[in-house]
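Each chain gets a letter, A, B and so on, in the order its sequence line appears, and its residues count up from 1.
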Protein chains: 4
Amino acid sequence: MRKAERTRKAALDAAANLLADQGYHRTSLEDVAGKIEMRGPSLYYYFASKDELVEAVLTAGLDEARETMTAAMAANPSANGAEMLAAAVRGYFRSIHHKSDVTRANIRCYYEVPSDFRQRLRSKMRSFIEIWEEIIETGVNDGSLRNDIEPAMASRLILAALNYTAQRRNQSATDVESMEHHLLGMVLGGFVAEDVPVGFAPSTDDVPLMRS
Amino acid sequence: MRKAERTRKAALDAAANLLADQGYHRTSLEDVAGKIEMRGPSLYYYFASKDELVEAVLTAGLDEARETMTAAMAANPSANGAEMLAAAVRGYFRSIHHKSDVTRANIRCYYEVPSDFRQRLRSKMRSFIEIWEEIIETGVNDGSLRNDIEPAMASRLILAALNYTAQRRNQSATDVESMEHHLLGMVLGGFVAEDVPVGFAPSTDDVPLMRS
Amino acid sequence: MRKAERTRKAALDAAANLLADQGYHRTSLEDVAGKIEMRGPSLYYYFASKDELVEAVLTAGLDEARETMTAAMAANPSANGAEMLAAAVRGYFRSIHHKSDVTRANIRCYYEVPSDFRQRLRSKMRSFIEIWEEIIETGVNDGSLRNDIEPAMASRLILAALNYTAQRRNQSATDVESMEHHLLGMVLGGFVAEDVPVGFAPSTDDVPLMRS
Amino acid sequence: MRKAERTRKAALDAAANLLADQGYHRTSLEDVAGKIEMRGPSLYYYFASKDELVEAVLTAGLDEARETMTAAMAANPSANGAEMLAAAVRGYFRSIHHKSDVTRANIRCYYEVPSDFRQRLRSKMRSFIEIWEEIIETGVNDGSLRNDIEPAMASRLILAALNYTAQRRNQSATDVESMEHHLLGMVLGGFVAEDVPVGFAPSTDDVPLMRS
DNA sequence: GATGAATGAGCTTTCATTCAT
DNA sequence: CATGAATGAAAGCTCATTCAT
């Protein structure tokens, strides 16, 4: 029973790695099994179907992301919303770049899997996002974040930028640092220079975006 | 002659729509043909292969995105870098949300197609990105954008957030406006409140992210 | 009506050429039509189906072969069987190498076409072969050919060697001459040196093939 | 492990049989699999593609032909060129008529398969033919074969006649014997009666073929 | 536990053929 | 006469899945 546990874990790791790099459709069970010196059908001893295996990976990805993120935040419980947000970004970023492949697999595959399958992940995804929304709401309330942003929307944009960095692999340590640097910079302070005041942009065209 | 042109266009539209919503692998030729009341093999009258069809869609997506974006920028030729950036964001955003599905198809499928196929799109994609890099470089040089950002990295993060919004369809007009609003807000000024100073974040953990 | 006749002929020529070089299955109607600056379906104005077109070519091939061969024989009506055979070989050889492609098309495709189709050619093929059988019978009777050969079998072997030469194209004139030379040499006198007597070989192994 | 071996062999046999009788294009994987009570895709467990299966058959055909032929020659090592030639003819003839279908499959399909595929067989085919050329060269040198024949050309004509016999199946044993008889007769001594002298034919028309 | 062997569903692709124009 | 446009049949191939061992 111990061996079974280990094999199952190995299969999940192998699957996570392939899913992260090749996506859902290009990852065959034979490929996954091959990575751990087994043959495709053997995986059916551990998982009822390909989708169950993938679901386990993506679920693990969502869990790991949430845990790494909340752990990062727990280091400074008295932080204000903006600080919590920064900690969350760092935590999730680390989950993407310094951990196993499950987070990246989730990022890559969440929208590639069949929709009925995604349905089963939705609640976990939702509660993951809710953490971000709550952080932002906190920041809006304590005045550390702008008061004209909606948590639902802001959180998605932040996550989109974060998730993008998952595509960039095999980068030097400096590059990873630079990514984190820019990410935090954009999310927190934007790219406009400090002495150039910028409000939230109106969406109509005829109004100039920024007043200087 | 005219009918062929129309049918070909219809096929491209149908393909763009399915590719944007279902991705490369779930979009079969039978599906595409079905959308325009035809059968799968009929498409071979217009395209030599599935990949040629898809390539036509993605290419159109890259072209449309660039054109819409540059057109938006052309409205204000004397803009500084930050203003150009804002205009570019708006232009590309419009290409995603107010136009045909080709831009969304490109966003969704660019990384799903086989790599030798993607190779053929790479130059177009590169020149698209270079426009963004140049905008940012301009802004850095004219002082309207922060001087500690690298165009290559910043442009990718901005595009990641923009591309994300392509997933959100069937939203109310208000939602789309809100998306654009938040997008510009984040990219330009970040989410931290104005009176809370925030520098670019150092990547070491023990240094507090922001100084207030 | 004259133009139609010419077009039909051109299609037959084009088909013959392609059938001879690529065989029945690799020759598509689009290919044939393309050779005469037309599109595939246009051929249906002249032929009810691909097989009817091919049948016309193969029939023409059998006719041409027969005619060229009999013409060659007619030059020397008083010839004995062996001389007739030589003339026939030369005539057929010429039909293969110095004429249009219909003979080669027939040689290449006769056994590639569907069997029910071949059925329709069989009588013509049979009467073609019968000419050879009669020649040989004549030779056996007049003593100019060995008296231990069966016309049915001998004629097939001769034709097999002849037909083989159809594969060899783009050869120099000297090569074609050499082919004819060896062909006649083998068929008439065999390859064994003249002073080495050789009877017809018994098929049992333990009996030496030749007595010297 | 044993069963796989048997099934693979059965598939090769089935393929050889169908390839020999129907040719490359009319032989579908479903047909081959059907012959051994399986379904088409199952063959992919044993062969990576149709062409790999066919290649295995044709390769086996070339090997069997060569082996059977050389074995026949080995029985009489002191034979002169003419005797070796006779032995080779008998050996190859036996490979065609008394063995499995692989030789016939090769004869039928070698020129039907795509040319890039044939390329892979070419070296084997070449070395097969070279054996024949060497036999003939030996015979020319030791005086047992005519000194005006070129090995390259003579060997092809002999093989053409031999290969032709592959088409004739379901013949009585007597017929097969008769085929071999005539084959050797033609190749070695030709069909002209013994007392009728016949030189190698000049290719010009105005010179009588034979002098009697 | 693991796999060898086999299958069925579904895909892309080719091509002879049809039919309105 | 000729073709543009479309189709159906059939092929090769991939892969998740099953099942006996």
Side-chain angles (χ1 to χ4, degrees), chain A residues 1 3-4 6-8 25-33 36-54, chain B residues 1-8 25-33 36-54, chain C residues 1 3-4 6-8 25-33 36-54, chain D residues 1-8 25-33 36-54:
Chain A
M1 276 302 169
K3 188 186 169 206
R6 261 183 292 124
T7 306
R8 192 189 139 96
H25 290 98
R26 302 196 106 70
T27 301
S28 73
L29 289 184
E30 196 64 40
D31 286 348
V32 174
I36 55 174
E37 237 96 20
M38 286 188 2
R39 313 301 307 263
S42 307
L43 295 174
Y44 282 83
Y45 182 79
Y46 302 96
F47 307 94
S49 68
K50 175 182 181 179
D51 282 4
E52 196 182 291
L53 163 58
V54 176
Chain B
M1 278 293 183
R2 237 354 173 322
K3 190 187 176 200
E5 210 63 34
R6 263 184 290 123
T7 306
R8 194 190 138 95
H25 290 97
R26 305 196 101 74
T27 301
S28 73
L29 291 183
E30 196 63 41
D31 286 348
V32 174
I36 54 174
E37 236 98 23
M38 284 184 12
R39 315 302 306 265
S42 305
L43 293 173
Y44 282 82
Y45 183 76
Y46 301 95
F47 306 95
S49 67
K50 175 179 181 180
D51 281 6
E52 194 182 292
L53 164 57
V54 176
Chain C
M1 275 301 169
K3 188 187 170 202
R6 261 184 290 127
T7 307
R8 193 188 139 95
H25 290 98
R26 302 195 106 72
T27 302
S28 73
L29 288 184
E30 197 64 39
D31 287 348
V32 173
I36 54 173
E37 237 96 21
M38 286 189 1
R39 314 301 307 264
S42 307
L43 296 174
Y44 281 84
Y45 181 79
Y46 302 95
F47 307 94
S49 68
K50 176 183 181 178
D51 282 4
E52 197 182 290
L53 163 58
V54 176
Chain D
M1 277 294 181
R2 236 355 170 326
K3 191 188 176 200
E5 210 63 34
R6 262 183 291 125
T7 307
R8 195 190 137 95
H25 290 99
R26 304 197 101 73
T27 301
S28 74
L29 291 181
E30 195 65 41
D31 287 347
V32 174
I36 54 174
E37 235 100 22
M38 284 184 13
R39 313 303 305 264
S42 305
L43 293 173
Y44 282 82
Y45 183 75
Y46 301 95
F47 306 94
S49 67
K50 176 181 180 178
D51 281 5
E52 195 182 292
L53 164 56
V54 176

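- In terms of position along DNA chain E, the nucleotide closest to D/R39 lies nearer the 5' end than the nucleotide closest to the other residue of the pair B/D31 and D/R39.
- The nearest whole Å value for the distance from the CE atom in C/M38 to the P atom in F/dC1 is 11 Å.
- A close approach under 4.0 Å does occur between a side-chain nitrogen or oxygen of A/S42 and OP1 or OP2 of E/dT3.
- Put simply, CZ on B/R6 is 16 Å from P on F/dG4, counting in whole angstrom units.
- Straight-line distance from the CZ atom of C/R8 to the P atom of F/dC1: 13 Å, rounded to whole Å.
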Base-pair string, DNA chain E, Watson-Crick plus G-U, cut-off 3.5 Å on both distances, | for inter-strand, is .||||||||||||||||||||

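- The CZ atom of A/R8 sits 11.0 Å away from atom CG of A/L43, with the distance rounded to the nearest 0.5 Å.
- Atoms CG and CE, on A/L29 and A/M38 in that order, are 10.5 Å from each other to the nearest 0.5 Å.
- Nearest-nucleotide mapping onto DNA chain F: of C/T7 and B/T7, the residue sitting toward the 5' end is C/T7.
- The side chain of D/Y45 places no N or O atom within less than 4.0 Å of a non-bridging phosphate oxygen (OP1 or OP2) of E/dA6.
- For A/F47 against A/E52, the heavy-atom pair with the smallest separation is CA-OE2, 3.8 Å.
- Summarising the geometry, the separation between CG on C/L43 and P on F/dG4 is reported as 13 Å, rounded to the nearest angstrom.
- Contact record, C/G40 with C/A33: N-CB, 3.5 Å, taken as the closest heavy-atom pair.
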Whether each nucleotide of nucleotides 12-21 of chain E has a protein heavy atom under 4.0 Å at its base (B), only at its sugar-phosphate (S) or at neither (-) is summarised, 5' to 3', as SBB-SBB---

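- Distance check, rounded to the nearest 0.5 Å: CZ of B/R39 to CD of B/E30 gives 5.0 Å.
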